[in-house]
Amino acid sequence: MMLPSPEDLAICSLGECRFPSPLQLGAASGEYHGDFMSDAAKVRFHVELENLDTRPDDLFFERAGPRERLFFDPATVRAAIVTCGGLCPGINNVIRSVFLTLKYNYGVPEVYGIRYGYRGLNPAHGDGFIPMTHELVENIHLHGGTFLGSSRGPQPVEVMLDTLTARRIDMLFCVGGDGTQRGADALSQAARARGLPMAVVGIPKTIDNDIPYVFRSFGYGTAVEKAREVIAGAHAEAKGAPNGIVIVKLMGRNAGFIAAGATTASQEVNFAFIPELPFDLDPPNGFLAHLEKRVRDRGHAVVVVAEGAGQHLFGNLPVERDASGNIKHHDIGVYLRDRVIAYFRDRQIEANVKYIDPSYLIRSVPANCDDAQLSDRFARYAVHAAMAGKTDLLIGYWHGLFVHVPMRLVTSHKKQLSPKSSLWLSVLAATGQPALMVNPPTSDAGPA
Ligand code: ATP
Ligand code: MG
């Protein structure tokens, strides 16, 4: 990843902030309720100061928070919120908190929910606007999923912008992953090209925790918690049969944070595989012989595999893509299961192999306590940013502080789990698996 320049971290503004904030904060509040945040408040890009030559100290994110003066007159604002991509615990909490902040803290009169992602902004799919009310959102945070619905697949940016302008929408909140933020970036650019004062603010939704500059995204902790429950079940199953082997496939298309987090939380996993680290199956160094040894020594084994792991094992099999153009990974869980079954069968070693894929059950549950708090905070910071006329940005979470991150920076790359990180070293320590299960390049470790 290229180091950004100070200009890359600059936040785009719609113009002068002429309206006083209605929030009762700072000295004016009478009773002290905390301060407004100035645009001069920054958060260091680098906190480790080992080497200033490679880690310059002039890189800062703008700090998120309520501004004393606003670009928009809250009494006239029309806002909208859209949720796109896959489900993730906490989306409903975000929708609810965005609405409540707009309505009760800023006194915004009109807030709309967009049905089924960006699709709801294309009239070809019908009217996607729902006027939001307190009654509508009252209890949504108690449920998983997204009450507005979501979708994948592209919509023409100019058409979406036409819809937003026809509805006189001043600010759009886009809850979603990298694809959603690319769409938000495109919308924001198109609005500025037309000279429209529309704020587009992104809220990072990634159950995989793979959005850069977001130390922890909402939903990730819940996913790890649920995954740990699944692993506990897998462990019981594995121990409950002679030479029991249970393989659990967890989410993680490009990053192994869920697999690593659940492994260290559970301490019952014996092998964990993530997209960041290739591995082989066959001798001399591959996984299967290590698995055999583990089963011979201990009588059971639990294996966790992230969905994006081991894709190189499929060789040149053609890849499919989803409606949004994302690569649909080959099913590494089923492949591993079949290879494990074949390995033990060929050697006439008894093995009771089971396979669990809990993905849809994990991503659709309500947010746990931590994620409910996190969703609420992302949502409220997003509203503060939009009211101050900031646009083309995502709410980041950097060194424990909420910051404004230019959208372009977020979509330029994905966050991955470094095999040198303490998290991965903890996985190796907790599983006892070999650090590398890769054969020399000359060996034939191609697809079965
Ligand atoms: P996740 O992958 O975590 O489920 P995501 O936001 O990455 O979430 P996608 O389905 O990839 O999910 O994208 C969400 C929406 O954003 C889709 O409707 C997709 O077509 C749209 N989108 C993606 N890239 C762009 C782009 N460059 N311009 C306009 N729209 C885009
Ligand atoms: Mg994505």
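Atoms within a ligand are numbered from 1 in the order they appear, just like the ligands themselves. Note that this is a predicted model, so its numbers are computed, not measured. Count residues from 1 along the sequence.
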Against ligand 1, does [X] come closer than 4.0 Å with any heavy atom?
X      : answer
Lys205 : yes
Gly153 : yes
Thr206 : no

Which atoms from ligand 1 have a heavy atom of [X] less than 4.0 Å away?
X      : answer
Gly86  : 1 (P), 4 (O)
Asn326 : 9 (P), 10 (O), 11 (O)
Ser324 : 9 (P), 10 (O), 11 (O), 13 (O), 17 (C), 19 (C), 20 (O)
Gly85  : 4 (O), 8 (O), 12 (O)
Thr180 : 5 (P), 6 (O), 13 (O), 14 (C), 16 (O)

Point to revise | From Pro156, Gly183, Cys84 - option closest to atom 30 (N) of ligand 1 by heavy atom | key: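 It is Gly183 whose heavy atom sits nearest to atom 30 (N) of ligand 1.
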Aromatic contact between [X] and [Y], with the criterion being ring centroids under 6.0 Å apart: yes or no?
X      : Y      : value
Phe378 : Phe402 : yes
Tyr104 : His134 : yes
Phe45  : Phe60  : no

Would you tell me whether [X] and [Y] have side-chain atoms, one donor and one acceptor, within less than 3.5 Å of each other?
X      : Y      : value
Thr101 : Arg380 : yes
Asp357 : Ser359 : yes
Thr411 : Asp178 : no
Arg216 : Tyr220 : no

Who's the nearest protein heavy-atom neighbour of [atom], and how far?
atom                    : answer
atom 12 (O) of ligand 1 : Arg152 NH1, 3.1 Å
atom 15 (C) of ligand 1 : Tyr118 CD1, 3.7 Å
atom 24 (N) of ligand 1 : Gly179 O, 3.4 Å
atom 27 (N) of ligand 1 : Arg182 CB, 3.7 Å
atom 7 (O) of ligand 1  : Asp178 OD1, 2.6 Å

Review point. Between Tyr381 and His384, how do the two ring planes meet: parallel, tilted or perpendicular, split at 30° and 60°?
Key: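 Geometry flag for His384 against Tyr381: perpendicular rings.
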Practice item. Please work out whether the ring planes of Phe273 and Phe287 are parallel, tilted or perpendicular, with thresholds of 30° and 60°. Key: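 Taking Phe287 first and then Phe273, their aromatic rings stand perpendicular (interplane angle over 60°).
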Check your understanding: Given that the side chain starts at C-beta and the backbone is N, CA, C, O, which of these parts of Asp322 lies under 4.0 Å from ligand 1, counting heavy atoms, or is it both or neither?
Key ->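 Looking at Asp322 and ligand 1, no heavy atom falls under 4.0 Å.
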Check your understanding: So which bit of Arg253 gets within less than 4.0 Å of ligand 1, heavy atoms only: side chain, backbone, both or neither?
Key ->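 The answer is the side chain.
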Practice item. Decide whether an N or O pair under 3.5 Å exists between Gly176 and ligand 1. Key: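 Not met; the criterion fails.
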Review point. Is any N or O atom of Gly177, backbone or side chain, closer than 3.5 Å to an N or O atom of ligand 1?
Key: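 Checking ligand 1 against Gly177, an N or O pair does fall under 3.5 Å apart.
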Under a 4.5 Å cut-off applied to non-hydrogen side-chain atoms, are [X] and [Y] in contact?
X      : Y      : result
Val175 : Ile95  : no
Val94  : Val98  : yes
Pro22  : Tyr106 : yes

Point to revise | Atom of Asp178 closest to the Mg ion (ligand 2), considering N, O or S atoms | key: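 That would be atom OD1.
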